[in-house]
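One structure below.
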Amino acid sequence: MAAYLLVGIACNPMSIGSVRASSLEGSSQYFDQGSALAKILTREMWGAQPAMDGVQPQEPLSIILHHTGVRSSPKLSLESKMRALQSFSQQRAQVSETRSRAPWPDVPYHYYIDPSGRIAEGRDVRYKGDTNTDYDVTGHIQIALEGNFEHELPTKQQLEAARDLLTWLTLSWGIPIQGITAHKDHAKTVCPGKHLLEVLPRLLSTVDIQRTSIIASMCTQERSHEFPRVRCSER
């Protein structure tokens with residue numbers, strides 16, 4: 001995503017459902033997440049069913065990265081994958097030979113990135129995600145990259161999409177770089193896989209560089225919005 005587009009998103013970000021991020025209160029414009037600005041396939045676009053009862057509200061405070069844990073399927077459309085994921089999520093499922101889980105109210109992740117770098121909107125970020133592992137999901141934005149990164153590599157397109165998505169989300173919700181972690185930092189799991197973990201420091205470095213550039217650009221503009229007032233002191 002071009003830097004100038006991200007500047008626009010940083011000025012006027014949205015959370016799901018056309019709710020402004022609290023850190024940018026006072027910004028006047030809104031962007032459609034399915035537009036070229038955010039490059040996000042919305043729930044409406046992929047044909048999501050409504051979330052079932054049971055979603056629990058949260059305030060996003062951090063971000064957790066996952067892999068899907070199964071080999072990527074680049075020949076299948078992102079739309080069909082998201083519909084299949086939602087259908088699977090909303091049914092009772094066998095987690096292991098000795099344990100099953102109840103149906104989840106919606107897809108467990110808030111965003112999903114396929115091998116081509118397309119990003120899909122999952123569960124509304126204002127509601128907690130779900131997990132098969134044992135940790136408190138409250139306050140975390142859950143992002144899944146498609147693939148089993150114990151055995152395959154994340155694609156260049158996935159990493160670029162993750163960079164742009166992470167930049168947008170951290171600016172939108174006031175999340176520091178240190179607030180981006182891996183699933184295995186919270187639970188006994190190999191997720192998000194050794195090959196994603198190998199490139200994670202470099203990915204976070206590029207997010208930090210992009211954030212810094214955007215904040216610097218914002219701070220040279222008219223200080224009529226909350227973003228410059230809050231963030232320019234960080235420079």
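These figures come from a predicted structure and were not determined experimentally.
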Run the side-chain donor-acceptor check on residues 140-148: report pairs under 3.5 Å with partners two or more places apart or on a different chain.
unit_1 : atom_1 : unit_2 : atom_2 : d
H140   : ND1    : S62    : OG     : 2.5
H140   : NE2    : D136   : O      : 3.4
Q142   : OE1    : H66    : NE2    : 2.5
Q142   : OE1    : Y135   : OH     : 3.3
Q142   : NE2    : Y135   : OH     : 3.2
E146   : OE1    : K81    : NZ     : 2.8
E146   : OE1    : Y112   : OH     : 3.1
E146   : OE2    : S73    : N      : 2.7
E146   : OE2    : K81    : NZ     : 2.9
N148   : OD1    : E150   : N      : 3.1
N148   : ND2    : G69    : O      : 3.3

Q | Distance-minimising heavy-atom pair for G54 and P105 | A | C-CG, 4.0 Å

(Q) To check you understand the geometry: which heavy-atom pair defines the closest contact between H110 and V125, and what is its length? (A) CD2-CA, 3.4 Å

**Q.** For T155, all residues meeting side-chain hydrogen bond (donor to acceptor under 3.5 Å, both in side chains), sequence neighbours excluded
**A.** none

Q. Looking only at heavy atoms, what is the nearest atom pair of N132 and W104, with distance?
A. OD1-CZ2, 3.4 Å

Q | For Q157, all residues meeting side-chain hydrogen bond (donor to acceptor under 3.5 Å, both in side chains), sequence neighbours excluded | A | none

Q) Which residue pairs pass the salt bridge (charged side-chain N to carboxylate O under 4.0 Å, His left out) test when at least one of the two sits in residues 175-192, sequence neighbours left out? A) none

Q: Please name the pair of heavy atoms, one in G117 and one in A161, separated by the smallest distance, quoted to 0.1 Å.
A: O-CB, 3.2 Å

**Q.** Verify same cluster id: L153, L204 (apolar side-chain graph, 4.5 Å)
**A.** no

Q. Does I113 belong to the same Ile/Leu/Val/Met/Phe/Trp/Tyr cluster as I180, with side-chain heavy atoms less than 4.5 Å apart forming each link?
A. yes

Q. Mind checking what makes side chain to side chain contact (heavy atoms under 4.5 Å, CB included) contact with Q91, not counting sequence neighbours?
A. S87

Q | Side-chain cluster (under 4.5 Å, hydrophobic types only) that Y127 belongs to, other residues | A | V55

Q) To which residues is I209 joined in a hydrophobic cluster, defined by side-chain heavy-atom contacts under 4.5 Å among Ile, Leu, Val, Met, Phe, Trp and Tyr, whether direct or through other members? A) none

Q.
To the closest 0.5 Å, what do you measure between CH2 (W46) and CZ (R118)?
A. 13.0 Å

Q. Would L197 and V190 count as a side chain to side chain contact (heavy atoms under 4.5 Å, CB included) if you check the C-alpha gap in whole Å, the side-chain angles of each, and the deciding distance to 0.1 Å?
A. CA-CA 10 Å; L197 290 171; V190 299; over 6 Å; no

Q | Residue pairs, two or more places apart or on separate chains, that pass salt bridge (charged side-chain N to carboxylate O under 4.0 Å, His left out) and touch residues 192-203 | A | none

Q | Rounded distance [0.5 Å steps], NE2 in H151 versus CZ in R71 | A | 6.5 Å

(Q) Membership question, hydrophobic clusters at under 4.5 Å side-chain separation (ILVMFWY): are V199 and I177 in the same one? (A) yes

**Q.** Modelled atom types, side-chain donor and acceptor of K128 and Q56, under 3.5 Å
**A.** yes

Q: Could you pull out all residues at least two apart from D106 that satisfy salt bridge (Lys or Arg N to Asp or Glu O under 4.0 Å)?
A: R43

Q. Sequence neighbours excluded, which residues qualify as side-chain hydrogen bond (donor to acceptor under 3.5 Å, both in side chains) partners of Q49?
A. none

Q. Is the backbone N or O of T133 less than 3.5 Å from a side-chain atom of T131, with the two atoms forming a donor-acceptor pair by type?
A. yes

Q.
As an exercise, state the distance from CG of L165 to CZ of R163, rounded to the nearest 0.5 Å.
A. 11.5 Å

**Q.** Side-chain (R123) to main-chain (V107) donor-acceptor, under 3.5 angstrom
**A.** yes

Q: Kindly work out whether a path of hydrophobic side-chain contacts (I/L/V/M/F/W/Y, heavy atoms less than 4.5 Å apart) joins L159 to L169.
A: yes

(Q) Under the rule for side-chain hydrogen bond (donor to acceptor under 3.5 Å, both in side chains), what residues qualify as partners of Q90, not counting sequence neighbours? (A) none

Q: State the CD1-CG distance between I215 and L171, to the nearest 0.5 angstrom.
A: 5.5 Å

Q. P103: what forms a side chain to side chain contact (heavy atoms under 4.5 Å, CB included) with it, not counting sequence neighbours?
A. M52, R92

Q.
Which heavy atom of L78 sits nearest to which heavy atom of A120, and what is that distance?
A. CD2-CB, 3.8 Å

Q) Which pair of non-hydrogen atoms, one from Q58 and one from V137, has the smallest distance, and what is that distance? A) OE1-O, 3.6 Å

Q) So, does T206 use its side chain to make a donor-acceptor pair with the main chain of L203 at under 3.5 Å? A) yes

Q) If you measure from CD1 on I63 to OG1 on T181, what distance do you get to the nearest 0.5 Å? A) 9.0 Å

(Q) Whether the side chain of E79 engages the backbone of M45 through a donor-acceptor N/O pair (distance < 3.5 Å, no angle test) should be reported. (A) no

